[in-house]
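Keep in mind that what you see is a predicted model, and the values were worked out from it rather than measured. Worth knowing before you read on, the calculation uses all heavy atoms, side chains too, and leaves out hydrogens, waters and symmetry mates.
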Amino acid sequence: MDDGLVLNLVQDDQSTVRKPSRQAKKGGRWTDRLKAKRVTQRKPRSDEPTVAQEPTDIPLPRPTKRARNEYTPSRTEHVEERTPAITRPPTQIISSLFSFNPKVEQPKQSSLPKACFRPSNAPLADSSTFAGLGLDPLIVAHLSSKMDITKPTSIQRAALPVLLSSGPHSVSDRDIFIQSQTGSGKTLSFLLPIIQDLLPLSSLSYIDRSIGTLAIVIAPTRELAKQISDVLDVLLNLRLRPPDDSAESPDTAPRLTRWLVSGLLTGGSTRTHEKARLRKGVPILVSTPGRLLDHLQNTASFNVSKCRWLVLDEADRLMELGFEETIQGILRGLDGRRKLAMQAVEEGRTMEVGGWDWQKQRRTILCSATIREDVQKLAGTTLKDPVVIKATESDLPASVSDDPETDKAVMPSLTSSQRFTPPSQLTQRYVIVPLKLRLVTLVALLRSLLAQASGRRGTKIIVFLSCTDSVDFHWTLLGGTSMNDEQGASNIDSEAETTQDEDSNAPRRTTKVRRPGAGKVEAKCALLPDTSVFRLHGSLPLQTRQASLRGFSSVPSSKTSGSTSSILLCTSVASRGLDLPLVRAVIQYDLPTEGGATEYVHRVGRTARVGKGGEAWSFVEPSEIEWVKWVDAKMQGDTKPVGEEADQKKSVGPQGIPMESVLRSGFGGEGDEYEERATEVQLSFERWVLRGKHNAEMARKAYLSHMRAYATHPSDEKHIFHIRHLHLGHLAKAFALREAPTAVTSASAKPYFKQKKSAAQHIASGKTARRRKRGQDSDDDFDIADSEKRMEKVVRAQGRLTKKAGKMVSSGVSEFQIADGYALERLVQTSRT
């Protein structure tokens, strides 16, 4: 034809139509050459006839560089593998626990029998007795009959003769520095001399509680203060008259009055109640530093002018928590009150009956497990001519028990070694665990320890974590995970209260669920049968902290049915001074970020106390292997195996255990079956996180808090603990998260910025003014509006700033004047035009 069109004529019904050339017609919708070739090469189905293809003059297409989404399932095998990833991208990636982990040489478990070591903090097995150390018979009888204590420990045998000594050549007027291992009985070392010193005053008729406070014990934490107060209450319930079978006749013995009572100041009650108790009189007071200083400065009825004893327990912890200035303020307050009272006595302005020995100076006792630089600084400012008493039996001179009234009882000076040791009977182990396997390995270790102690009642395990958010997350996770019911609510969530809250902008009603675990103390875990899980950290209310300690420390009787074992998830707040009974093992899930080897020894010291056995486990990441040698070098062995030479030393560092043996012992199974069971446990944790929005927020918050805590390691430990050494994706898996760390960070940050932006838009749009008229405004909107107005006022008051002598200073012209000047100039120009 003349117009250049080429027509394809149909020869029969089954022939194909020839495609017109691209130059024949401009515009319109035409299939591409690749698609046309696919149509011609398509294989016929079995139910349709064969089509005779007519040769075409269309050139063959070039090879494609990548597969397209339009391909049919009849493509090559390589394209079929790539297509699902393109057409259906997964929303979440569930990675395997036992793949892509760093290859670390696991330690080989030693098969040699463990050497028998004599306990270093047990009561002495020799002929030493409390009566031989000079203790009052009434106190000795009370210790043996009511507290089942008949033998002193090494620190008690060293400290009691010095603290109870009297005479012209004694050291009774000198201050004392007590250094001993954890669990060696330091509390009785200073409480028994205080009671024996104040007990003879009970025979004076004019002595009662109105005399004021005569002894003060300062503890760094509320839990330790409560524990000391409980021990003191038991000691003060002693019998004030000797028994009938004693050498001293009850008729000739002096008659004693019961006026010695103890008090506790931790800030748990109102200041009014504490003032009323102090006004009535508390002869022996146990307090935390901040609360004591508060009453010294603000309570006029607090009578401490006759204070004869001041004890600073856990001095290293006091310095770590920053109580140095508080302690200095307490010392100045005690000295000031004493000077005012002595001045009143000299001037005859006192109404007290009877005489008081004002020449007797106050005696200060400082207790610490280590002699660090900050502790030496505190001792230099609080102690006068101190006597240093060390705890280990090997450091005791023979003159202590032979002649306690000589100066030979003075121990080495503060320049002694700063190294220290854990109890010799403590079994220390560590496990190298990749980041992805931390959570399931912790569950396996707990199950293994509980199974080994299934025949005993009241087995207790302490797990140390790095931060409070991590404690809350793991406590809620263990109490909420269920292996059978994936969608069921946890035992913590089941008691959550549901309240109705009506939105002012919408007529519908919304449901606000109470935070899971709010007000709860005990949690049950399906993976840990017959076990109660408790938590403890400094951000919990005081009532919850005390209830958690009571529940964890309680010993179930044989008649009671229910949980026989307990697990305590806590931070370092429980690492000092707490004497928790029946603690079988201590697990350091997160290695200490502050204190180094000192904090490590204090943590493991919660078990193996007073001669009893115990285990200490540490989770070590692959990048932290050098920590084992580092902490071993910080500790010193001073005990020897029985029957070996005296120059042989015991390795005090932890011994390695393969991770596979822990997982196999906890989950059981044959061969590699423990891997499948561990994967199921991990998936149950991840399903719990995905179950609710609040669970995911807790996991993200715990992850970020753990990262911040990990970054606080001191500079001398950065070669071991550095955040760059961690695989952040694997670390997120340890918190049951399936998202990448970047997604976790953005997901947690988006709501915050979105909320700030919506609040600013809300104020700018004028909705606040309309809601104010209806009386439905919120305090948050008013606060933001007021802050913006104040900021605008300050900026406008500064006016325009100019640079003079390298500084930005005000030009003296306000912004309003500048704006008015510009407006006046524009007005003049407009009028001219």
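Arg271 meets the side chain to side chain donor-acceptor pair (under 3.5 Å) test with Asp294; sequence neighbours excluded. Applying the salt bridge (Lys or Arg N to Asp or Glu O under 4.0 Å) criterion to Glu615, with sequence neighbours excluded, gives Arg429, Arg584. A search for side-chain contact (heavy atoms from CB on, under 4.5 Å) contacts involving Gln227 returns Leu224, Leu578, Asp579, not counting sequence neighbours. Applying the side chain to side chain donor-acceptor pair (under 3.5 Å) test to Glu314 and every residue at least two apart in sequence or in another chain returns nothing. For Tyr589, there are no side chain to side chain donor-acceptor pair (under 3.5 Å) partners two or more places apart in sequence or in a different chain. Partners of Lys612 according to the salt bridge (Lys or Arg N to Asp or Glu O under 4.0 Å) rule, which considers only residues two or more places apart in sequence or in another chain, do not exist here. Checked against salt bridge (Lys or Arg N to Asp or Glu O under 4.0 Å), Glu320 has the following partners two or more places apart in sequence or in another chain: Arg317, Arg372, Arg576. Under the rule for a side-chain contact (heavy atoms from CB on, under 4.5 Å), the partners of Ser539 that lie at least two apart in sequence or sit in another chain are Thr468, His537. The side-chain contact (heavy atoms from CB on, under 4.5 Å) test applied to Ser665 returns Ser448, not counting sequence neighbours. Residues passing the side-chain contact (heavy atoms from CB on, under 4.5 Å) test with Thr679, sequence neighbours excluded: Leu97, Phe98, Leu683. In terms of the side chain to side chain donor-acceptor pair (under 3.5 Å) criterion, residue partners of Asp590 (sequence neighbours excluded) are, by chain and number, Arg438, Ser466.
Residues Met707 and Leu728 form a side-chain contact, since some pair of their non-hydrogen atoms from C-beta on lies under 4.5 Å apart. You'll find the side chain of Phe464 reaches within 4.5 Å of the side chain of Arg606, heavy atoms only. Between Leu450 and Asp530 there is no side-chain heavy-atom pair separated by less than 4.5 Å. Contact annotation: the side chain of Val681 never approaches that of Thr481 to less than 4.5 Å [non-hydrogen atoms, C-beta and beyond]. Residues Gln682 and Lys733 meet the side-chain proximity criterion, which asks for heavy atoms closer than 4.5 Å. Looking only at side-chain heavy atoms (C-beta outward), Thr441 and Leu663 come within less than 4.5 Å of each other. When side chains are defined from C-beta on, Thr531 does not count as touching Ile461, because their heavy atoms never get closer than 4.5 Å. Residues Phe619 and Gln588 have side chains not in contact (no heavy-atom distance under 4.5 Å, counting atoms from C-beta outward).
Expressed to the nearest 0.5 Å, how far CG of Leu540 lies from SG of Cys570 amounts to 11.0 Å. From Leu445, atom CG reaches atom CD1 of Ile657 across 10.5 Å, with rounding to the nearest 0.5 Å. Remark: Gln425 CD to Thr607 OG1 distance equals 8.5 Å, nearest 0.5 Å. Put simply, CZ on Phe552 and CG on Leu568 are 5.0 Å apart, with the number rounded to the nearest 0.5 Å. In this structure, NZ on Lys634 lies 13.0 Å from CH2 on Trp627, to the nearest 0.5 angstrom. Distance check, rounded to the nearest 0.5 Å: CG of Leu569 to CG of Asp472 gives 9.5 Å.
Residues Gln428 and Tyr600 have side chains that bring a donor and an acceptor to within less than 3.5 angstrom of each other. Remark: the Ser705 side chain and the Arg708 side chain contain an N/O donor-acceptor pair separated by less than 3.5 Å. For the residue pair Thr266 / Arg291, no side-chain donor-acceptor distance below 3.5 Å is found, with atom types taken as modelled. No side-chain N or O of Glu594 forms a donor-acceptor pair with one of Thr712 less than 3.5 Å apart.
Nearest heavy-atom pair, Asp313 versus Pro220, reported as atom, atom and distance to 0.1 Å: O-CD, 3.5 Å. The two atoms that bring Ser575 and Glu599 nearest to each other are OG-OE2, 2.7 Å, heavy atoms only. Between Val631 and Pro654, the closest heavy-atom pair is CG1-CD, 4.2 Å. Taking all atoms of both residues into account, the shortest heavy-atom contact from Lys436 to Ser99 is NZ-O, 2.7 Å. Across all their heavy atoms, Ile723 and Tyr710 have their closest contact at N-CE2, 4.0 Å. Heavy-atom minimum distance, Leu591 versus Glu624: CD1-OE1, 3.6 Å.
Remark: the backbone N or O of Pro658 is paired with a side-chain donor or acceptor of Ser661 at under 3.5 angstrom. Checked by atom type and distance alone, the side chain of Ser548 never pairs as donor or acceptor with a backbone atom of Gln546 at under 3.5 Å. Of the possible polar contacts, none joining the Lys701 side chain to the Asp469 backbone as a donor-acceptor pair under 3.5 Å is found. With hydrogens and angles disregarded, a donor-acceptor distance shorter than 3.5 Å links the side chain of Asn695 to the backbone of Trp688. Within the 3.5 Å criterion, the main-chain N or O of Val586 finds no donor-acceptor partner in the side chain of Arg603. In this structure, the side chain of Lys718 engages the main chain of Ala711 through a donor-acceptor pair within 3.5 Å.
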Can you list the steps and then say if Val463 with Leu446 is a side-chain contact (heavy atoms from CB on, under 4.5 Å)?
CA-CA 10 Å; Val463 181; Leu446 291 174; 4.2 Å; yes
Could you check Lys460 against Phe534 for side-chain contact (heavy atoms from CB on, under 4.5 Å), going step by step and ending with a plain yes or no?
CA-CA 11 Å; Lys460 305 181 186 305; Phe534 300 91; over 6 Å; no
Quick one: side chains of residues 667-674, donor-acceptor pairs under 3.5 Å with protein atoms, not counting sequence neighbours, listed by atom name and distance.
{"unit_1": "Glu673", "atom_1": "OE1", "unit_2": "Glu670", "atom_2": "N", "d": "3.2"}
{"unit_1": "Glu673", "atom_1": "OE2", "unit_2": "Arg677", "atom_2": "NH2", "d": "2.9"}

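The aromatic rings of His730 and His727 lie parallel to each other, their planes meeting at an angle below 30°, with 60° marking the opposite boundary. Ring geometry for Phe473 versus Phe735: interplanar angle of 30 to 60°, hence tilted.
Each of Glu223, Lys226, Arg222 was checked for a side chain to side chain contact (heavy atoms under 4.5 Å, CB included) with Leu542, and the lone residue meeting it is Arg222.
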